[in-house]
Amino acid sequence: MDVYAHPTFDMAVRQFDLVAEHLEIPVAERDRLKYPKRSLTVAVPLRRDDGTTTVFPGYRVQHHLSLGPTKGGIRYHPDVRLGEVAALAMWMSWKCALMGLPYGGAKGGVTVDPGSLSSGELERLTRRYTQELIPFIGPQIDIPAPDLGTNEQTMAWMMDTYSTHMGHCVPGVVTGKPIVLGGSLGRREATGRGVGYLVGRAFETLGIDQSGATAVIQGFGNVGSHAAYSLARHGARVIAASDVSGGTYNAAGLDLRALESHVAAHRTMADFGGGEPIDNAALLELPCDVLVPAAMERQITGENAGRLRCRVLAEGANGPVTPDADAILAGRPEVFVIPDILCNAGGVVASYFEWVQDLQSFFWTESEVTDRLFRLLEGAYQQTLLTARKRNVTMRMAAMSLGVKRVWEAKRARGLFP
Ligand code: GLU
């Protein structure tokens, strides 16, 4: 399947192959689990504000259809490629299965820098992309959500475009919507809160006192900022944070509200006065109790993994640690890894709750959402830790093997058609 050739897809395949080996999945059954079931590539023409037309490539990949509809975010970023989207869809499959959600994994994206478009252009691009996806998505087919470069407004436009086409309101077609359109209380904060909850559990496991612990956050978007708030609420000091423009370091702890206002006003962390500038590479190597990579994939590699000085590595992003880095970290038991498919699962779990509420037209309170979220995360954390200890494998291998095994069992139980 050369069509998916991409370093991030290679990485997802390498991880899968290690898990398949560990689970002793017969070689003949591996390709069926590995390759995306189907994918769609579309050309999205956009009428620019200046009257010209630009065509952007768009994608949607559905990794497997064995457990229910597919689920996963939509990414707007200049580096989006089919192979990257396919890798992200594959990780969504293992994540949903680990969390026990009735979904296969999916992901979508448009190769575009959303910051370079006006609000009107973004709306037209989103509506046209959604229109191209109409035969491919739906509450019982595939349910998009926000990811890098997209947000609640994007989901509102997608929901409106789909509903207008159907002739009635279909809130269950996307999650991560504004509350007024059938979004769920607690969804926006869920990924970061989940990261905070799991870091707290890792600290308990390791006997680290949460109050006064130090945290470093790479990426200050929806995941990174809410993870920072959640950690700070439990007494941690966030000593550094960054975005694409670079980062800020302050040993006394960053003023998170001031940082958030600065980012809201300037759309970047550059020139934030509340600390000293630090670049992204140096930030990852700061001594701290918890490091949260919450930006892009492949940030911690064979090159820098040996130099990490955190006690807990909490993967807020998808795929931030490469297999080469994993091999190094396996020999560094002093670094406790909370793997991405567990660590950032709060987002898709709250999305599942949103979808259930939309299908039932019966809505929950924020504490109902958050209590149920923590309960699911707790179960997955305990199962992963137990598996890692019992089988003497890394936390990533434990989490992934739980996810892959569930999909494998579902495929076996359903059999091969025809
Ligand atoms: N984009 C998020 C993720 O990577 C959320 C997906 C969803 O809520 O469907 O997990």
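Every number for a ligand or one of its atoms is a count from 1 in the order of the listing.
- Two residues are said to be in side-chain contact when any heavy atoms from C-beta on lie closer than 4.5 Å; Leu82 and His6 fail this criterion.
- Not a single ring-ring contact (aromatic ring centres under 6.0 Å, His included) links Tyr249 to another residue, sequence neighbours left out.
- At most 12 heavy atoms of other shown residues, nucleotides or ligands fall within 6.0 angstrom of atom CG in Asn392.
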Exercise answer: donor-acceptor pairs, residues 90-97 side-chain atoms, under 3.5 Å, sequence neighbours excluded:
from: Trp91; atom 1: NE1; to: Gln15; atom 2: OE1; distance (Å): 2.7
from: Ser93; atom 1: OG; to: His63; atom 2: ND1; distance (Å): 2.7
from: Ser93; atom 1: OG; to: Gly105; atom 2: N; distance (Å): 3.0
from: Lys95; atom 1: NZ; to: Asn318; atom 2: OD1; distance (Å): 3.0
from: Lys95; atom 1: NZ; to: Asn344; atom 2: OD1; distance (Å): 2.6

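- Thr111 is linked by a side chain to side chain donor-acceptor pair (under 3.5 Å) to nothing, counting only residues two or more places apart in sequence or in another chain.
- Aromatic ring pairs are classed by plane angle as parallel below 30°, tilted from 30° to 60° and perpendicular above 60°; the pair Phe353 and Trp364 is tilted.
- When heavy-atom distances to ligand 1 are checked against 4.0 Å, the residues falling inside are Lys71, Gly72, Gly73, Met92, Lys95, Lys107, Ala145, Pro146, Asp147, Arg187, Asn318, Gly347, Val348, Ser351, ordered by chain and number.
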